[in-house]
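Counting starts at 1 for both ligands and their atoms, in listed order. Not measured: the values here are computed from a predicted model.
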Amino acid sequence: MTALDEVKIGGLGSSRRRVEDNRFVRGKGSYLDDITLPGMLHMEILRSPLAHARINSIDTSKAWAMPGVRLVLTGETMAARNLAWMPTLSYDTQAVLATDKVRFQGQEVACVIADDPYIAKDACQAIVVDYEPLPVVVNPTGSLAEGAPVIRDDKENQPDNVIYDWEVGDKDGTDRAFAEADLVSEIELHYPRSHPSPIECCGSVADFNRATSKLTVYLTTQAPHIIRAAVALVAELPEHMIRIVAPDIGGGFGNKVPVYPGYVAAILASILLERPVKWIEDRTGNLISTGFARDVYLQGQLALRRDGKILGVRMNTLADHGAFFSDAQPSKFKIGLMHSAFACYDIPTAHLQARGVYTNKAPGGVAYRCSFRVTEAMFFQERMVQAAADDLGMDQAEFRRRNFVRDDDFPHRTPFGFLTDSGQYAKCLDVGLEAIGYQSFLQEKEEAAKRGRLLGIGISTMTEPLGAGNSREYDILGIKMFDSAELRIHMTGKALLRTGAKSQGQGHETTWAQIVAHELGIPAEDVLVEEGDTDTSPFGMGTYASRSTPVAGAAVAMVSRKIKAKARKIAAHLLEISEEDVEWELGRFYVRSQPDRGVTIQECAAAAYSNMPDGMEPGLENVAYYDPPNLTWPFACYIATVEVDPETGVWDVLRVVAVDDCGVRINPMIVEGQIMGGLTEAYAMANMQFITFDEEGNCIGANFTDYLLPTSWETPGFELHEVVTPCPHHPIGAKGIGECAAVGGPAAFVNAVMDAVKGTGARNIDMPVFPDRVYQALQTGQDVSGAPPVRAEA
Ligand code: MCN
Ligand code: CUM
């Protein structure tokens, strides 16, 4: 009897092809808009053309009169049912349909439900809204200015536009570190608004059945169970009568975490009409109103010793949240995990002062491929680090190495109090430098400079917190963060696995089966994975913050172990020996003294239904809820080289090297796909993705001819390398990977451009680093800000 080959059965380390792609690449996926129910009606949303205006009246009579129109909803209809406002994930309120005022361009004002979407759209145009324009603020400076209009005059105790003023860290200790510093390095940046823009926009099909009292909602959501809880609490419907189904999802990237007004309106419409109601966003609706990210002003200082040691950090952030504070983040933090910055560096003390304000923009601050503001944190960190190395006149790689937490210094308490547990930071950097040919590039750069060519190299190194919770420290609206997996082994040894997570393209149907294969020796192809239906899957917090592998993936391992413990008892019974004498090798139990005598896991499964020991409960299934002891801390080193054209400011990427350490890789091919996807988004953020607002609050970039997504044509090639430091507390040693490259990547590109133009004196060019901005820096030697205009009067 030879042991099973783990890679052959699709266990850990197997780059098995993604099983979900069988349907995706054949066009056989079932996305939200593929769902059609008998008698289904269609909903369209009327959005505000103005960024700030009082609503004097809304006349819906013409819309009602149009043939095929079934229902028109306004703020008034919603208010009559106490649904005009809904709670946000950050303990604020958000308008479902506007009642008193509109507060951003694109805000939802009314909904029409009709026999087909075209009638609904036409009827929206027939609604007459009498707006009285108000002064608009599109930028925190304007929002904080004396005499600025109070945007949230719906709220009591909100005399101005400040949402929070929050701090974390040791202010006095940090002040002392700065007093002792040889040198203080400073930088000021704007991390611009960006939008996740998945291929599929957001949408829902709500189906209320009066006869059964059951509400089924098909929803483009990354977190179906949280939505069920929210619907139960907000709409005061019984939770067991609500079924949320997240079907195949065409990309999430954070855009599909929040609850959107369209979801709520479609549910109410279905309840009122007792018919299924579909709402699906168009691209402009998606770009203009849902789930923005970033838009935060960053001021940072590093206290430095002459020899390159960082003594302390000051971070000052000012976040533009738009009209509603709807960030998806753990409850106790105001600016997400911004204070996870500097976790990979050994720094004694740090302080972060964070402020957030309302402006007349769509609610922003969702995480876009980042574990709650970690993208901003790491960009900030790595831009500060590069500026500091330049100020010290020190090599940027050497400066990082000198300040890294050492391999033997774990567990390590970060300056803001997180506990990191493992990593090989210097090794990752070395692998990256070796791969890019660091020394020879520096020489080449020097040579090129003599001939007027501008070459640059940018490094970004970071460890980021992926996988919230644990439940002691992380919750969303009081719901503790943990996750779950349920595993059912059928009589023939085939299996059904369900988790509380929900893939939006990450490949869970493939990788979860690999964990089962690793734990039980059941071939991965024998394990069917299902996610996203609250009626069948165990309770979980969903997929974001790259938490699925750290939390749900751990639950898959733990539930497999529960199954194995029962199978061991069955094996002892079948082999007629005591349990102590049973040994395990992948897929098989055997008699310790007689390795040839054994039973396979499949034989144990059959016995669980036909020949169980006396007194044993039949069946072979179980559920595990997993509450991780800590976050996981993957590490990454991204290095980009660029050439800037001094005549035009155009920059081309020469090479990109990525070294990722996400612990044990379940499926190396999927991990590499995640890294390449993240780097592509990082490149886009650094180079071309631009969504901004003019002085009147008009959103500029709400379509794909202005807001540019890179295709494979403009995306540079990526050279990937790996280091493996297993996570000490994860059952299979894995750490999250889904967001690393999007988080760490942007700084590598920007640092590379800044390195190329260093001679001019400019210390910063805000993203997107457009050629005209580079050109301006080359001409003036000054920093180039990308902040939107301050303020306009109505
Ligand atoms: N994986 C692995 N080995 C590891 C870590 C992960 O094989 N050590 C695999 C996982 O099993 C999973 C994938 O890599 O199949 C990503 O795992 P993980 O890092 O746990 O992230 P999540 O599954 O929780 O995905 C969320 C993350 C987030 S938050 C965003 S945003 C993002 C991202 O994933 N959105 C995506 N990647 C995306 N990829 C696609 N295609 N579509 C999105 O919407
Ligand atoms: Cu951070 S965007 Mo993802 O967490 O869904």
**Student:** Number the atoms of ligand 2 from 1 as they appear, then name those within less than 4.0 Å of a heavy atom of Y368, with their elements.
**Tutor:** 2 (S)
**Student:** Looking only at N, O or S atoms, which one in E739 sits nearest to atom 1 (Cu) of ligand 2?
**Tutor:** OE2
**Student:** Between S371 and ligand 2, is there a nitrogen or oxygen pair with a distance under 3.5 Å?
**Tutor:** no
**Student:** Under 4.0 Å from ligand 1, counting heavy atoms only, is it the side chain of V664, its backbone, both or neither?
**Tutor:** backbone
**Student:** May I ask you to check if ligand 2 and A367 share an N or O to N or O distance below 3.5 Å?
**Tutor:** no
**Student:** Looking at R547, K502, R498, which hits salt bridge (charged side-chain N to carboxylate O under 4.0 Å, His left out) with D483?
**Tutor:** R547
**Student:** Compare every heavy atom of G736 with every heavy atom of C662, then report the nearest pair and how far apart it is.
**Tutor:** CB-O, 3.6 Å
**Student:** To the closest 0.5 Å, what do you measure between CZ (R193) and OH (Y368)?
**Tutor:** 14.5 Å
**Student:** Counting only heavy atoms, which portion of P668 has something under 4.0 Å from ligand 1: side chain, backbone, both, or neither?
**Tutor:** neither
**Student:** Any idea which atoms of ligand 2 are less than 4.0 Å away from a heavy-atom of C370?
**Tutor:** 1 (Cu), 2 (S), 4 (O)
**Student:** Would you please determine whether G251 falls within less than 4.0 Å of ligand 1 on a heavy-atom basis?
**Tutor:** yes
**Student:** Under 4.0 Å, heavy-atom basis, I'd like to know which part of V671 is in contact with ligand 1: side chain, backbone, both or neither.
**Tutor:** side chain
**Student:** What's the spacing between F482 CZ and Y626 OH if we round to 0.5 Å?
**Tutor:** 14.0 Å
**Student:** Looking only at heavy atoms of G252, does any of them come nearer than 4.0 Å to an atom of ligand 2?
**Tutor:** no
**Student:** Measure from atom 18 (P) of ligand 1 to every heavy atom in D661, T549, I732 and give the option owning the shortest one.
**Tutor:** T549
**Student:** Any non-hydrogen atom of P550 lying under 4.0 Å from ligand 1?
**Tutor:** yes
**Student:** Measure the spacing between CG of N687 and CG of L708 and express it to the nearest 0.5 Å.
**Tutor:** 9.0 Å
**Student:** Please could you name the atoms of ligand 2 that Y544 approaches to less than 4.0 Å, counting only its heavy atoms?
**Tutor:** 3 (Mo), 4 (O), 5 (O)
**Student:** Measuring from the heavy atoms of P198, does anything fall under 4.0 Å of ligand 1?
**Tutor:** no
**Student:** With heavy atoms under 4.0 Å as the rule, classify the contact between K735 and ligand 1 as side chain, backbone, both or neither.
**Tutor:** backbone
**Student:** Counting only heavy atoms, which portion of I670 has something under 4.0 Å from ligand 1: side chain, backbone, both, or neither?
**Tutor:** side chain
**Student:** What part of R547, side chain from CB on, backbone N/CA/C/O, both or neither, has a heavy atom under 4.0 Å from ligand 1?
**Tutor:** backbone
**Student:** Report the relative orientation of the aromatic rings in Y263 and W279; use parallel for angles under 30°, tilted for 30 to 60°, perpendicular for over 60°.
**Tutor:** perpendicular
**Student:** Check each of L32, D34, D33 against S30 using the side-chain contact (heavy atoms from CB on, under 4.5 Å) test, and report the only one that passes.
**Tutor:** D34
**Student:** Numbering the atoms of ligand 2 from 1, which are under 4.0 Å from a heavy atom of A545?
**Tutor:** 3 (Mo), 4 (O)
**Student:** Kindly say whether the aromatic ring centers of Y425 and F410 come within a distance under 6.0 Å.
**Tutor:** yes
